[in-house]
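One-based numbering along the sequence shown. Treat the numbers as computed from the prediction; the structure is a model and nothing was measured.
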Amino acid sequence: MVTVRALLARGNSKLGSAIHHFDLPAVRTCPGRSSVCEAVCYATRHRFRTDPVRERLHWCLRRSRRADFADHVVDEVRQKGALVVRLHVSGDFYDAEYAQKWLSAIRRCRATTFYFYTRSWRVAEVEPVLAELAALENVVGWYSADADTGMPECVPSGVRVAWLQADVDEPVAGDLVFRDRPLREAPPSKVALPLVCPSETPAGRRAHTNCGNCGHCWKQ
Ligand code: SF4
């Protein structure tokens with residue numbers, strides 16, 4: 001019997017049960033990483049350090065390098081009827097050729113919404129492909145920023161900026177704030193703008209907020 005392994009996984013505690021995701025090994029596939037994001041990266045800790053997860057992420061990376069990667073993504077999205085796909089719970093667009101493969105796949109999956117956060121906007125050869133991806137009608141693209149990267153000088157039309165806050169006194173910018181875990185117990189400042197991801201606030205956790213029922217990052 002042939003076991004067919006899936007590229008897309010479905011659901012986790014942050015995404016909820018319905019959102020599919022495709023993931024890669026963190027850090028080595030993150031050419032735009034900053035000192036801040038690498039220092040607090042959740043995808044280098046806890047379950048991401050277990051052998052089964054590490055093995056799966058490396059398998060996904062090998063598959064992503066194949067010429068038929070986009071074709072397999074398209075087949076799977078259709079077979080699973082995936083309505084929403086998050087790219088890279090772990091990992092990032094590691095080069096332009098890989099990002100082009102997603103461009104090819106997503107153009108063929110018009111009924112599915114894809115969304116991503118990326119620091120690969122800091123890599124000159126990758127950024128134009130990210131802008132093309134984000135311009136697709138069924139894509140929501142977020143550029144990730146922090147105190148190390150600063151705000152991107154140029155944000156393409158349709159792209160929003162997600163700020164990673166690692167220090168409680170740090171000024172934040174962009175359209176959405178993610179907080180490093182030690183900051184999540186504190187309620188957001190009443191005057192703070194932009195929105196703090198509700199799954200990372202005490203009130204949001206009490207309300208069982210996840211990406212599926214929130215939708216801020218992927219609803220168009
Ligand atoms: S703002 Fe909403 S959709 Fe975006 S990461 Fe937070 S919970 Fe998920």
Side-chain angles (χ1 to χ4, degrees), residues 11-21 23 26 30 32-43 45 83-93 112-122 127 130-131 133-220:
N12 64 28
S13 58
K14 165 106 185 187
L15 298 178
S17 60
I19 294 179
H20 289 77
H21 51 105
D23 311 307
C30 303
R33 67 187 180 276
S34 68
S35 59
V36 173
C37 75
E38 190 168 352
V40 303
C41 181
Y42 61 81
R45 296 176 186 161
L83 295 177
V84 182
V85 177
R86 156 90 191 265
L87 306 190
H88 310 141
V89 168
S90 166
D92 206 339
F93 296 100
T112 302
T113 296
F114 296 81
Y115 72 109
F116 62 81
Y117 315 88
T118 181
R119 277 183 181 72
S120 297
W121 58 267
R122 304 176 78 205
E127 200 279 337
L130 302 178
L133 273 167
L136 297 177
E137 284 185 357
N138 56 329
V139 173
V140 181
W142 292 83
Y143 283 4
S144 299
D146 55 53
D148 180 14
T149 69
M151 283 291 283
E153 277 181 21
C154 179
V155 180
S157 172
V159 171
R160 287 178 277 173
V161 176
W163 188 273
L164 171 61
Q165 183 183 21
D167 191 303
V168 72
D169 297 322
E170 173 188 325
V172 297
D175 305 287
L176 175 68
V177 172
F178 291 114
R179 296 172 133 189
D180 186 25
R181 194 166 287 277
L183 308 184
R184 294 181 188 173
E185 295 312 312
S189 160
K190 289 192 168 50
V191 295
L193 288 174
L195 174 77
V196 173
C197 168
S199 78
E200 299 181 354
T201 67
R205 283 199 299 277
R206 281 196 297 276
H208 303 291
T209 305
N210 59 46
C211 299
N213 61 32
C214 168
H216 179 77
C217 292
W218 56 268
K219 281 186 181 163
Q220 296 166 302

(request) Start with the C-alpha distance between R119 and C37, add both sets of side-chain angles, then the distance that settles side chain to side chain contact (heavy atoms under 4.5 Å, CB included), and finish with yes or no. (result) CA-CA 9 Å; R119 277 183 181 72; C37 75; 3.4 Å; yes

(request) Answer yes or no: are there more than 12 heavy-atom neighbours, outside Q220 itself, under 6.0 Å from its atom CD? (result) yes

(request) Could you tell me the separation between the CG atom of D148 and the CG atom of L164, rounded to the nearest 0.5 Å? (result) 10.5 Å

(message) Which residue is it: V139, V85, I19, L87? I am looking for the one with a side chain to side chain contact (heavy atoms under 4.5 Å, CB included) to Y115.
(response) I19

(request) Specify the closest pair of heavy atoms between A166 and V36, including all atoms of both residues, with the distance to one decimal. (result) CB-CG1, 3.9 Å

(message) Please report the interatomic distance CG(L195) to CG(D175), rounded to the nearest 0.5 Å.
(response) 10.0 Å

(message) Students often mix this up, so state it plainly: with edges at 30° and 60°, are the rings of F93 and H88 parallel, tilted or perpendicular?
(response) perpendicular

(message) Quick check: closest heavy atoms across V161 and A145, and the distance to 0.1 Å?
(response) CG1-CB, 4.0 Å

(message) Distance check, rounded to the nearest 0.5 Å: T113 atom OG1 versus E137 atom CD?
(response) 11.0 Å

(request) Over 60° means perpendicular and under 30° means parallel, so classify the ring planes of W142 and Y117, tilted if in between. (result) tilted

(message) Any side-chain to backbone donor/acceptor pair from D23 onto V89? Under 3.5 Å, distance only.
(response) yes

(request) Flag the pair R33 and E38 as a salt bridge only when some basic side-chain nitrogen lies within less than 4.0 angstrom of an acidic carboxylate oxygen. (result) yes

(request) List the atom of R160, the atom of C217, and the distance in Å for their closest heavy-atom pair. (result) NH2-O, 4.3 Å

(request) Determine, for K14 against E200, whether the closest basic-nitrogen to carboxylate-oxygen distance falls under 4.0 angstrom. (result) yes

(message) Determine whether a donor-acceptor pair (N or O, by modelled atom type, separation under 3.5 Å) exists between the side chain of H21 and the backbone of G11.
(response) yes

(message) Is there a side-chain contact between S34 and R122 in this structure, where contact means two heavy atoms from C-beta onward sitting under 4.5 Å apart?
(response) yes

